[in-house]
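Everything below concerns the one structure shown next.
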Amino acid sequence: MSNYHIKHLEEYYQVYRKSIREPENFWEEVAEEHFLWRKKWDNVLDWDFTKPEVKWFEGAQLNITENCIDRHLATRGDKTAIIFEPNSPDEEAEHITYKQLYHRVNQFANVLKEQGIKKGDRVCIYVPMIPELAISVLACARIGAIHSVVFAGFSAKALSTRINDCDCNMVITADGSYRGAKTIDLKGIVDEALESCPGVKTVLVAKRIQSEIIMKEGRDTWLQPLLDKASNQLTAEVMNAEDPLFILYTSGSTGQPKGMVHTTAGYMVYTAYTFKNVFQYKENDIYWCTADIGWITGHSYIIYGPLANGATTVMFEGVPHYPDFGRFWQIIEKHKVNQFYTAPTAIRALAKQGSELVEKYDLSSLKVLGSVGEPINEEAWHWYNDHVGKKKSPIVDTWWQTETGGIMITPIPFVTPTKPTYATLPFIGIQPALMDETGEELKGNQVEGRLCIKFPWPSMARTIWGNHQRYKDTYFSAFENMYFTGDGALRDEVGYYRITGRVDDVIIVSGHNLGTAPIEDAINEHPAVAESAIVGFPHDIKGSALYGFVTLKDAGESRNHDNLRKEINQLIADRIGPIAKLEKIQFTEGLPKTRSGKIMRRILRKIAEKDTSNLGDISTLLNPECVQDIMDKAL
Ligand code: 6R9
């Protein structure tokens with residue numbers, strides 16, 4: 001038995017030890033007992049972190065949608081697979097059974113085929129949180145097309161960069177989307193993006209907001225009439241274990257986003273196994289993850305992990321504060337949600353409203369609470385625990401990344417005793433290491449260093465689309481024979497991990513990873529701007545917010561600084577998206593630089609954090625005199 005479902009701490013340690021001692025046997029048993037294979041593997045694992053190359057279950061053949069849908073039909077055909085909760089509480093929720101999902105995915109997949117999409121083609125999905133989003137993802141997987149979901153809050157520029165990076169020839173979108181009281185003209189954004197995407201031949205448009213939009217002759221087609229005509233039967237494409245399943249972009253230290261490539265079999269096995277254990281999902285539970293499917297959390301823990309376990313997963317179209325700040329609690333009461341998975345930024349925003357709204361609703365169905373996306377601060381942890389979980393629902397603080405595909409460090413609820421702000425223990429099969437700056441591993445407990453992973457796990461990203469060298473440089477070059485996460489962490493006296501935050505140029509704002517470089521690139525496009533540097537500073541709700549230091553071309557610039565600030569933020573919204581807007585913009589005469597010309601962000605970070613007591617030695621700077629001036633004028 002592979003101990004698919006871990007129930008107590010003793011068992012965790014026992015299974016963990018086995019997964020480390022005999023990883024291949026361990027994962028083979030999990031794969032063998034819980035999934036549907038067209039053909040079993042010849043080899044469980046092949047790996048070499050120096051190339052780097054990792055292959056799980058080579059030789060195996062499968063289709064992930066047969067595991068997420070078909071195999072449940074006999075026993076769970078009439079069970080709800082997806083509950084769609086619309087933006088407005090006045091619109092009725094939609095319950096999609098496994099049988100209906102099967103038919104709808106087949107219809108969609110048939111449409112894709114009729115439109116000429118074949119195995120291996122890349123399809124860009126720019127769709128809001130409506131059922132068509134999950135269905136289009138699964139339809140791609142069913143025919144072996146590689147989906148590249150782009151969060152439907154990204155700008156036209158960000159969308160076109162992602163479409164072109166992986167040469168998508170089709171875009172699936174919607175006429176528009178609802179977000180609280182606002183409607184967003186998605187199709188207009190797609191039209192603008194496609195002006196610079198000559199490779200896109202077809203755009204399929206779902207109807208959501210019934211707005212007037214322009215349909216480009218020969219390129220744009222309404223989706224529904226095509227679906228209505230399509231057959232609801234289709235044999236799934238047979239995929240190899242290591243065939244790419246999807247590409248998902250994440251920010252990096254250069255302007256070009258990294259298209260992380262995830263493959264089929266290992267991703268399926270790991271997301272399914274983590275879902276079952278991290279949420280202690282039991283048949284007939286209602287599970288809700290509030291993430292958007294445009295992020296990895298939505299891919300792994302709204303779609304693939306839950307559906308591979310035959311679960312009922314809630315998809316929420318709206319926002320936490322519409323029509324009021326009680327919306328999440330109202331949904332939990334309405335659907336009797338058992339597992340609730342959200343982000344610290346949402347918890348902080350809701351906690352700020354006080355506990356009145358939470359008390360108004362019946363949250364007694366809750367069994368497990370989850371947190372993901374950034375470190376959860378102590379105050380938010382306690383509020384979540386006291387007011388939402390009523391001290392009886394364990395909080396799973398799950399640390400992981402787009403690159404890791406699945407949850408890596410986490411408590412297992414009712415198994416691992418939790419500790420506020422700690423992600424606690426490595427999940428089964430995960431071998432973390434903390435490294436010092438010289439590349440030595442820090443052994444033992446009560447140490448702090450850079451978080452690496454020593455051994456492959458099934459759902460790790462295999463490459464960066466079109467740029468394997470960048471994959472190697474970013475993740476496998478900092479420390480020999482290790483995957484480097486970009487995060488810092490400490491290990492306490494009992495071996496629990498606490499993630500301390502990014503050690504690179506990525507800033508996490510409201511749970512969104514933002515690379516500093518692309519934002520600086522956008523600012524620098526402004527004709528009045530000479531140079532800029534972005535740092536993060538602590539923010540009550542967002543966790544971190546962005547502080548921009550900007551030097552203007554004409555230092556004595558007479559232009560109105562408030563207008564300039566607006567223009568800069570507009571540029572950022574256009575190039576990246578509104579999430580990357582700067583909270584503060586300080587105009588400076590110069591930026592502190594090293595003699596080799598590198599901006600010393602460390603100093604700027606301290607100024608932004610208002611912690612200037614110890615700036616370190618600034619005498620080696622090229623221009624130490626600018627530091628005092630920046631400090632004097634800090635916002
Ligand atoms: C799943 C996801 C990854 C980065 C990661 C880390 C931060 C995520 C966290 C956390 C502390 C947690 N992060 N979960 N930090 N505690 N529980 O968020 O993927 O968007 O790629 O972000 O998010 O810094 O490296 P992604």
Side-chain angles (χ1 to χ4, degrees), residues 149-151 153-154 246-253 257-262 267 270-271 274-275 278 289-302 304-305 341-348 369-378 380-381 384 395-411 416 418-427 430 432 448 450-453 459-461 464 474-475 478 483-490 496-516 536 542-544 577 579-580:
V149 180
V150 176
F151 172 56
F154 272 138
F246 66 86
I247 299 167
L248 186 61
Y249 287 87
T250 187
S251 359
S253 54
K258 297 175 288 193
M260 304 313 305
V261 177
H262 283 283
Y267 176 82
Y270 193 78
T271 54
T274 45
F275 174 77
V278 174
C289 165
T290 69
D292 193 290
I293 289 171
W295 311 117
I296 190 68
T297 306
H299 280 60
S300 301
Y301 299 109
I302 294 179
Y304 289 115
Y341 191 27
T342 195
T345 182
I347 299 166
R348 286 190 296 265
L369 302 177
S371 172
V372 61
E374 59 185 314
I376 178 166
N377 51 306
E378 186 124 16
W381 195 98
Y384 199 25
I395 296 175
V396 290
D397 178 359
T398 62
W399 173 83
W400 59 296
Q401 309 177 295
T402 304
E403 295 85 337
T404 69
I407 294 168
M408 303 287 281
I409 302 183
T410 179
T416 320
T418 59
K419 176 173 176 183
T421 77
Y422 280 74
T424 75
L425 296 171
F427 189 73
I430 303 305
E448 179 167 356
R450 291 167 183 232
L451 179 61
C452 292
I453 314 288
S459 67
M460 63 190 293
I464 290 174
T474 311
Y475 303 106
Y483 165 81
F484 174 46
T485 65
D487 283 321
L490 61 82
Y496 274 15
Y497 288 85
R498 177 188 186 164
I499 312 303
T500 51
R502 303 289 309 190
V503 295
D504 57 10
D505 285 338
V506 174
I507 304 171
I508 302 194
V509 178
S510 298
H512 301 306
N513 295 10
L514 300 172
T516 52
K542 300 176 179 175
S544 295
I579 48 175

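One-based numbering, in listed order, for ligands and for the atoms of each. Counting from 1, the numbers follow the sequence of the chain as shown.
Taking 4.5 Å as the limit, some side-chain heavy atom of Ile430 sits within range of a side-chain heavy atom of Tyr270.
In terms of the side chain to side chain donor-acceptor pair (under 3.5 Å) criterion, Asn513 has no residue partners (sequence neighbours excluded). The salt bridge (Lys or Arg N to Asp or Glu O under 4.0 Å) search around Glu403 returns none, not counting sequence neighbours. The salt bridge (Lys or Arg N to Asp or Glu O under 4.0 Å) test applied to Asp504 returns Arg502, not counting sequence neighbours.
When atom types are taken as modelled, the side chain of Thr271 and the backbone of Tyr267 share a donor-acceptor pair closer than 3.5 angstrom.
Of the candidates Thr424, Thr485, Asp487, Thr410, Trp399 forms a side chain to side chain donor-acceptor pair (under 3.5 Å) with just one, namely Asp487.
Using a heavy-atom distance under 4.0 Å as the criterion, the protein contacts of ligand 1 are Ile296, Thr297, Val372, Gly373, Glu374, Pro375, Asp397, Thr398, Trp399, Trp400, Gln401, Thr402, Asp487, Ile499, Arg502, Ile508, Asn513.
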